[in-house]
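One structure is given here, and the rest of the page talks about it.
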Amino acid sequence: MAAIRPLPAQLVNQIAAGEVIERPASVVKELVENSLDAGARCLGVDLEQGGIKLIRVTDDGGGLGRDDLPLALARHATSKIASLEDLEGVATLGFRGEALPSIASVSRFAITSRRNGEPHGWRLACDGSDHMDPPQPAAQVAGTSVEVRDLFYNVPARRKFLRTERTELGHIDQLLTRFALAQSDLALRLTHNGRVSLELPAADEPLAADRLRRLLGEDFLTHALALDESAVGLRLHGLVASPAFARSQGDMQFFYVNGRLVRDKLVTHAVRQAYRDVLHHSRHPAFLLFLELAPRQVDVNVHPAKHEVRFRESRQVHDFIFRALHRRLAGGQQGTGQDTPAATPDTPAALRAADADAQCAGADAPAGRDAAPRSLPLGVAETRSSYAGGWAGGWGGSGRVYPAQAAAGLVFQQPAPSAEYPAPTQAAAPEQSAETPPLGFAIGQLNGIYVLAETADGLIIVDMHAAHERIGYERLKQAVHAQALVRQPLLMPVSVHVSRAEADLAEAQASLLQRLGLVVGRLGETQLVVRELPALLAAADAEQLLRDVLADLGTHGSSDRIEAAVDGLLATMACHGAVRANRPLTLAEMNALLRDMERTERADQCNHGRPTWTRLTQRELDALFLRGR
């Protein structure tokens, strides 16, 4: 075996480059972070051949002096930390001092910089070798310009892994979009092969609508729900898209911790958990969220490229994110007291949740067309007068109890209309009536599927099955989870062989497992026995359920597997118990459904992630008929 010897400095830099410099976008990321740390408010990025031939990043930051330039290309030389105390409270985007020497070791590199007040700037160049000329005077405005040419020219193996020019440009464009979303006061210009690809002026305020519209699109803004919550030294703010804007992939998820974009498993789990009841399992939520906390409460030094972080109080952070999002999504598009940048709630385009349609198809399909369609009065005053009669007898006036509900000992009980929206007398004119509620007053039923309601500014269209399904589901959940889960002893206890660590965990968390409805004993060093399960899950696979719960406890410190399984059964019961398509409803029943939707959390989506209602504004209706032109 060869003798141990120190590696040459240049080889050390090239090895480090393999950790932090994956492609041109990685170079742009490191250079832009340096510029932002230097206080830059105006940034220019020039590229050639997707950044493979040239990357030039120019800023108006603080700049560097003559003596600083050689140190900038030395490993582990930085102005951002000086002690362990500084490292534990890093508040800058970069801090290790590895980026510039690593980039310079795999490219033809030059840096030109000038400080405010100095007569001229200084330029330092190197060609990927150990040799470096001293800095030379150069013409330069205040700030810094870094040129990276011929990336990986001296590391052919790495160069072979680069993609096409268009692909590499796409990665850089996405990266700059992420910086622009977090730095609203940053003016940004991107050129590629001499042509302007992206140009953003600085915004006067965070989350400026015009800037977001250019970066994320009009549809995101239309469905965006504003969020701003603080607790226990944490603040979560930004925009979260309603479930109607769910996407087929997670390409519109931006989460920043103290201004740093991260991809964190803990955050991902909290977000998915918050969306669990309103999002189809194959869809992904969209959000732009900023988490602020004390720098000492988060470790940003756990990944070479700083993509991941570690929270000191991870459980607290997880629960805070989950509860904040859960509350915001529960409010939906109406009645939360938080304004959104959207001009209107859901638009007809929001109904494109086709993947979820198949799950409700069976419930929506009528058994037969035995109920003949009937004509309904369309006068608003008459509608409100009919609504004044209140609720009587359940859906269709029959007080019917569905078998699935009866089996669970739960029945949908529709409350009487709230006094919050007192109905006028039959003789009252519409303009003299009480204030119109958020979802308006019913005016009819369309094709036995949709309820039409008139509001002050347009028309509300409600999918009556989907809406009633959500109402029933939320009531079933409240009834079941308001009490401790009823446990049922197993006729034959189930023995489960696990690792010693899992057995120790189950023994230590026995009381928590019991609160979840699982009574588990230990028979030996690596053997557990399940003696009781939640009554609603008596037919479940006890072994797999225990393994899943233990896996969650080991990873996250808690588990929602049992709650999710119970909720799954309740969702099925609610789906089968909801009013079916082609069932005629009276106006009183339609209005009762609308009022229940206004009182119910997460009423914007059914249990499968489909929207329950949409709105056509007066302006949109006028546009359909060319009115006002």
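All values below come from the heavy atoms of this structure, side chains included, with hydrogens, waters and symmetry mates left out.
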Using side-chain heavy atoms (C-beta onward) and a distance below 4.5 Å, is E308 in contact with K265? no
Looking at CG of L279 and CG of L329, how far apart are the two atoms once the value is rounded to the nearest 0.5 Å? 9.5 Å
I want to check something: taking the side chain as every heavy atom from C-beta on, are L212 and L207 in contact at a cut-off of under 4.5 Å? yes
Can you measure from CG (L289) to CD1 (I321) and round to the nearest 0.5 angstrom? 8.5 Å
Mind checking the NE2-OH spacing from H465 to Y450? Nearest 0.5 Å is all I need. 11.5 Å
Can a donor-acceptor pair be found, under 3.5 Å and without considering hydrogens, that links the side chain of T600 to the backbone of A603? no
Would you sort out whether V462 and M597 count as a side-chain contact (heavy atoms from CB on, under 4.5 Å), showing the intermediate values? CA-CA 10 Å; V462 176; M597 289 176 65; 3.6 Å; yes
Side-chain heavy atoms of H318 within contact of H269, under 4.5 Å: yes
Set out, in order, the CA-CA distance, both residues' side-chain angles and the distance that settles side-chain contact (heavy atoms from CB on, under 4.5 Å) for R615 and D457, then state yes or no. CA-CA 9 Å; R615 168 181 285 140; D457 64 342; 4.0 Å; yes
Any chance you could lay out the side-chain hydrogen bond (donor to acceptor under 3.5 Å, both in side chains) test for D463 and W613, step after step, and finish with the verdict? CA-CA 6 Å; D463 183 330; W613 66 279; over 6 Å; no
Residues R213 and D210 bridged, charged N to O under 4.0 Å: yes
Can you tell if the side chain of F311 reaches within under 4.5 Å of the side chain of V257, non-hydrogen atoms only? yes
Determine whether H326 and R602 satisfy the following criterion, side-chain hydrogen bond (donor to acceptor under 3.5 Å, both in side chains), listing intermediate values before the conclusion. CA-CA 9 Å; H326 189 265; R602 292 168 286 275; 3.2 Å; yes
Separation of E598 CD from I471 CD1 (nearest 0.5 Å): 10.0 Å
Within-4.5 Å side-chain heavy-atom neighbours: L439 and T455: no
Please lay out, stage by stage, how F441 and R595 fare under the test side-chain contact (heavy atoms from CB on, under 4.5 Å). CA-CA 9 Å; F441 291 100; R595 302 294 80 77; 4.1 Å; yes
Please say whether the positively charged group of R283, taken as NZ for Lys or CZ for Arg, lies over the ring of F245, i.e. under 6.0 angstrom from the six-membered ring centre and within 45 degrees of the axis. no
So that I can tick it off, tell me whether R470 and E601 are bridged by a salt bridge, with the cut-off set at under 4.0 angstrom between side-chain N and carboxylate O. no
Exactly one of L325, L239, L288 should register a side-chain contact (heavy atoms from CB on, under 4.5 Å) with L227. Which one does? L325
When you measure from the side chain of Q544 to the backbone of D541, do you find a donor-acceptor pair of N or O atoms at a distance under 3.5 Å? no
Listed partners of Q174 passing side-chain contact (heavy atoms from CB on, under 4.5 Å), at least two apart: R178
Could you check whether the rings of H237 and F290 sit parallel, tilted or perpendicular, using 30° and 60° as the cut-offs? parallel
Atom CD in Q605, atom CD in E469: separation rounded to 0.5 Å? 12.0 Å
Heavy atoms, side chains only, cut-off 4.5 Å: are V451 and I443 in contact? no
Is there a side-chain contact between L546 and V520, using heavy atoms and a 4.5 Å cut-off? yes
Please check this pair: side chain of Q445 against backbone of R583, looking for a donor-acceptor N/O pair closer than 3.5 Å. yes
Do V267 and F322 have side chains that approach each other closer than 4.5 Å (heavy atoms only, starting at C-beta)? no
Is a donor on one side and an acceptor on the other found under 3.5 Å between the side chain of D264 and the backbone of L266? yes
Please confirm whether the backbone N or O of T617 pairs with a side-chain atom of E620, one donor and one acceptor, at under 3.5 Å? yes
Rounded to the nearest 0.5 Å, what's the gap from CG on L215 to CE on M252? Could you check? 10.0 Å
What is the minimum heavy-atom distance between L234 and Q316, and which atoms define it? CD1-O, 4.3 Å
Show your working on side-chain contact (heavy atoms from CB on, under 4.5 Å) between V262 and Y256 and close with a plain yes or no. CA-CA 6 Å; V262 299; Y256 299 83; over 6 Å; no
Residues forming a side-chain contact (heavy atoms from CB on, under 4.5 Å) with T268, sequence neighbours excluded: R272
Has T612 got a side-chain atom pairing as donor or acceptor with A466's backbone, closer than 3.5 angstrom? no
Going by the salt bridge (charged side-chain N to carboxylate O under 4.0 Å, His left out) test, which pairs reach into residues 233-257, not counting sequence neighbours? D228-R235, R235-E292, R247-D251
